[in-house]
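Read the structure below first, then the notes.
The chains referred to below are lettered A, B, ... by the order of the sequence lines, with proteins before strands, and numbering in each begins at 1.
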Number of protein chains: 2
Amino acid sequence: MELRQLRYFLKAKELLNFTEAANSLNISQSTLSQQIKQLEDELQIPLFNRIGKRITLTEAGELFSVYALQSTSKANEGLQLLKDLNNLNTGKIAIGVTYALRDIVTQTLVKFNDQYPKIEFEIVFGTSKELIEKLNHFELDIILTFEEILTENHFKYQTLFTSPMTLVTSTNSDLKSRKSISLKEISKLSLALPAKGYSTTQFINDAFNKNNLHPKVAIEINDIPTLLELVKSGKWYTILTQTTIKNEKEIVCIPIEGKNMTRTAMLISIKEVYEKKAVKVFLDILKSLV
Amino acid sequence: MELRQLRYFLKAKELLNFTEAANSLNISQSTLSQQIKQLEDELQIPLFNRIGKRITLTEAGELFSVYALQSTSKANEGLQLLKDLNNLNTGKIAIGVTYALRDIVTQTLVKFNDQYPKIEFEIVFGTSKELIEKLNHFELDIILTFEEILTENHFKYQTLFTSPMTLVTSTNSDLKSRKSISLKEISKLSLALPAKGYSTTQFINDAFNKNNLHPKVAIEINDIPTLLELVKSGKWYTILTQTTIKNEKEIVCIPIEGKNMTRTAMLISIKEVYEKKAVKVFLDILKSLV
DNA sequence: TTTTGTAAATCGGTTTTATCGATTGATGCT
DNA sequence: AGCATCAATCGATAAAACCGATTTACAAAA
């Protein structure tokens with residue numbers, strides 16, 4: 001039994017005339033007769049009565065037609081669903097983001113939703129390590145984070161933009177008017193830094209080590225909004241990429257002197273996994289906003 | 001899109017391994033790969049991610065699998081239904097009967113239902129004319145009646161048995177002990193006869209005409225049980241085939257003298273229409289009871 | 001790192017099957 | 001009776017499914 005035969009059968013049932021049905025199906029009457037016969041042979045029961053040159057449905061044909069219709073309908077619905085998926089009328093995107101890139105994602109989200117309101121989202125904030133773990137388990141379609149030291153070659157990497165590392169400080173601080181600051185100076189300040197898992201922290205520690213400097217880390221914390229609150233108090237300083245604190249008030253950021261004191265925002269996805277069209281469109285919007 | 005491809009896809013989805021799926025389907029791995037690819041081409045979207053030598057379902061594959069399953073399931077259910085039909089686990093029989101043959105039908109019905117309780121029935125009592133009309137409109141599968149004068153050659157006729165025409169009278173009647181009676185004698189009696197449409201009435205009138213006799217018809221009535229009530233009163237006589245009054249009390253029947261004073265019970269169906277298995281079995285039981 | 005084994009894709013050839021056009025036979029209509 | 005029509009059938013052809021062998025890409029083991 002094949003869908004083709006069911007389609008032929010249903011058209012023949014509709015018109016109760018093999019010749020017209022065959023024309024309507026763009027096949028020859030000969031073919032239709034044969035395919036109906038073949039179906040009847042497989043079902044071991046006639047679907048049509050052949051009364052002279054007239055045909056009518058048998059009881060079996062009547063009963064079977066209900067299922068034939070449902071079978072073909074479900075196949076068509078499946079096809080339609082995939083078309084919808086392609087037209088972004090359905091589907092879900094799962095995106096992982098490091099907190100530093102929050103702003104760019106929310107902007108994109110708003111713009112995307114205006115155009116394609118039916119697409120659902122799952123946004124996961126977390127450390128690079130956590131996000132990459134989830135990406136590897138296919139729980140995320142794509143992640144936005146900063147460049148990693150170690151790259152895996154089943155990942156696909158796309159750079160978005162670079163952003164300077166900056167010392168973040170309260171507007172009340174003495175340093176607020178400085179245009180730049182050295183690592184050495186920073187090493188004398190009392191710092192509140194993001195927790196270990198954050199790639200920024202890793203990056204900062206590497207930078208201090210290379211210069212044989214030891215930062216005074218007073219606080220480690222795994223929540224960036226809280227971290228910024230602490231900085232606004234004026235008691236501590238922190239180090240973040242500039243983009244992280246876009247749109248934040250009561251704080252200023254001072255670029256750090258030295259080579260490679262920038263970070264590159266990246267998109268990471270799994271190479272071989274089929275990229276959803278919705279994801280592609282989302283990324284196009286995101287890139288246009290950068 | 002064909003059911004074959006959907007079946008292949010579902011098995012591949014189940015095992016997430018083309019080689020094993022192909023073995024399970026008794027086709028080569030090569031064929032499975034090709035058919036899946038062909039399906040993906042038609043749907044214009046990949047159903048599987050090929051990650052190295054591993055495969056996983058894409059979003060599209062996940063969504064589509066629901067419909068693929070429903071489509072194949074419905075086709076299978078249709079097949080199962082026809083099997084049930086063949087095993088007499090479902091189906092409906094429509095039978096037309098002239099009242100005279102009521103007894104044989106009810107007996108068959110009881111016996112048939114013991115063996116095949118799931119088959120539904122529609123029993124239609126009526127005149128031969130009415131029944132043949134319905135048969136021609138495919139509203140009945142078969143009719144039980146007496147032989148017709150005019151036969152149509154798209155009908156199939158089967159004889160069941162013959163039954164003598166009898167004068168029916170109350171047990172109080174003077175005639176109750178008679179072994180036979182002539183038409184001439186009957187023509188002197190006050191008769192209550194079935195209405196015009198009944199073949200018996202037609203038959204009786206023909207018989208009287210041939211002998212140049214004129215019956216005294218006091219009452220014409222289109223309900224046989226009422227007719228019999230009238231006869232039981234002793235005021236009127238009627239003429240019926242013997243089988244009609246099987247199991248009736250308070251009345252006796254006296255065979256009518258003369259050649260051709262018998263009627264033949266028949267099964268009539270449409271030649272070219274597929275005979276339901278349930279009907280065949282029903283008739284086998286009926287014939288065994290004759 | 002190299003080797004080995006495994007799984008899917010691909011290629012070329014074969015078999016199967018769907019399809020067609022022409023014809024036949026049966027039937028309904030004029 | 002003759003004509004037109006419709007489904008079935010036949011023989012031939014084109015299309016498609018299928019297979020085995022090979023290739024490619026990977027993963028696991030040495």
For the aromatic rings, using the six-membered ring if either is Trp, is the centroid distance between A:F203 and A:F146 under 6.0 Å?
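Between A:F203 and A:F146, the centre distance exceeds or equals 6.0 Å.
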Rounded to whole Å, how long is the line connecting atom CD1 of A:I36 with atom C1' of C:dT19?
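Interatomic distance, CD1 of A:I36 to C1' of C:dT19: 15 Å.
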Over how many whole Å does the gap from A:N23 atom CG to C:dT19 atom P extend?
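The distance from CG of A:N23 to P of C:dT19 comes to 15 Å, rounded to the nearest Å.
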The helix from C:dT1-D:dA30 to C:dT30-D:dA1: angle between end helix axes, five pairs per end, rounded to 10 degrees:
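Comparing the first five pairs with the last five, the axes sit 30° apart.
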Protein within reach of the bases, or only the backbone? For nucleotides 1-13 of chain C, mark each nucleotide 5' to 3' as B, S or -, using heavy atoms under 4.0 Å.
----BBSBBBB--
Is [X] atom [atom1] crowded by more than 12 heavy atoms from other residues, nucleotides or ligands, each under 6.0 Å away?
X	atom1	answer
A:D41	CG	yes
A:K277	NZ	yes
A:K271	NZ	yes

Checking all strands, does B:F48 fall into the base, sugar-phosphate, or nothing category for heavy-atom contacts under 4.0 angstrom?
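The residue B:F48 makes no contact with any strand.
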Check the angle between the aromatic planes of A:F155 and A:Y157 and answer parallel, tilted or perpendicular using the 30° and 60° thresholds.
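It falls in the perpendicular class, over 60°.
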Going by the angle between their ring planes, with limits at 30° and 60°, are A:F48 and A:F9 parallel, tilted or perpendicular?
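Rings of A:F48 and A:F9: perpendicular, as their planes differ by over 60°.
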What is the 5' to 3' range of DNA chain D, first to last nucleotide, that sits under 4.0 Å from any heavy atom of chain B?
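So the contact region on DNA chain D extends D:dA17 to D:dA27.
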